[in-house]
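Quantities reported herein were computed from a predicted structural model and do not represent experimental measurements. Each chain gets a letter, A, B and so on, in the order its sequence line appears, and its residues count up from 1.
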There are 2 protein chains.
Amino acid sequence: MTQPMNQKPEKDEAFLQDCLYFTTNRLSRAITRMADEAFATTGLAPAYGYLIRLVIGSPGITQKELSEKLSITPSTLTRFVDKLETKHLVERKVHGKTVMVYPTEKGIELGPTLRQASKRLKQNYEEILGKELSDQLTEYLTSSSKQLEK
Amino acid sequence: MTQPMNQKPEKDEAFLQDCLYFTTNRLSRAITRMADEAFATTGLAPAYGYLIRLVIGSPGITQKELSEKLSITPSTLTRFVDKLETKHLVERKVHGKTVMVYPTEKGIELGPTLRQASKRLKQNYEEILGKELSDQLTEYLTSSSKQLEK
DNA sequence: TTATTTTGTTTGTACATACAAATTAGTTGA
DNA sequence: TCAACTAATTTGTATGTACAAACAAAATAA
């Protein structure tokens, strides 16, 4: 009897838990919910917070560089900068065909608040997952992303 | 001198690589791109493929159960089933206040194609990441999701 | 110098997804 | 029996994100 007893095609749902696509997106939804909460006080979605921090850290950084560091497409980055510009948190300076992004005074002032939110977020998930797993997972994620993005 | 030399606030971008929110979403974008390719032949986005497979595996499964197994909200699930219903791949049967979902003949026939696409996807990412890392990562992701979803 | 190609950005459009509110249908307690 | 509650689903609306096409500026080739 080579055939296992279970005739029915995938009566259970192991194929979900085995799929990196599914499991990654599942975690993405969970951690995004958590991040939204942690950043609620900043008035900004988490992704925007990280963008501003990059701009504060490197005033005049180009949009191309930003989209690379954030691993999002240039078109998405355009929309992000649009929104932050209408909130007067960053401003663009066009230089030929490239666009350089600078923080405004208001943007710079937001820096500490953003770092705090990040810290809270990290505390929250480390409390649930443990520092061990959190760190290991984060490291694996970065390494995998780098490989897959090629 | 308690203060480290580096005065400038986050000149580098380590804070990105250290953040589980960022790294998870980064991988999510990369693997979703890959999954879209692998499922291109099916005419369906990957998420819909998994939904149909659950329905084939448990005909009459309720929407509530589906949304739990897929870890998506009920409202999202409603839209998914809407779309699959207009494509005549599944059909709803209302039973009181719950909705049961059944595969159509056409939906059942799609099963093998979907499993193939899944297999291709897995082969593709295992080729890049290695089976080792893939498995370990997938396991960590599932375990973390379970904990964070509580 | 002019024509071609490349590069960075933006715009149009589409989709997955969520939350909050509305709806509908059982359930329970007075 | 009916009012209040709870649970499953749907609808309205908003947002992050991508891809493809358009556009604009720079670089290169002729």
- Query: Is a salt bridge present between B:Arg26 and A:Glu149, judged by a nitrogen-to-oxygen distance below 4.0 Å?
  - Reply: yes
- Query: Counting only N and O atoms by type, is there a donor-acceptor contact under 3.5 Å from the side chain of B:Lys106 to the main-chain atoms of B:Lys87?
  - Reply: yes
Would you mind telling me which of [options] lies closest to the side-chain atoms of [X]?
X	options	value
B:Arg79	D:dG16, C:dT10, D:dT11	D:dT11
A:Lys64	C:dG8, C:dA18, D:dA18	C:dG8
A:Thr78	C:dA16, C:dT10, D:dT9	C:dT10

When you measure from the side-chain N and O atoms of [X] to the phosphate of [N], is any distance below 4.0 Å, counting only OP1 and OP2?
X	N	answer
B:Lys97	D:dA7	no
A:Arg92	C:dT10	yes
A:Thr73	D:dT17	no
B:Thr76	C:dA18	yes
A:Arg29	C:dT17	yes
A:Thr98	C:dG8	no
B:Tyr48	C:dA16	yes

- Between P of D:dT9 and CG of B:Leu77, the distance in whole Å: 8 Å
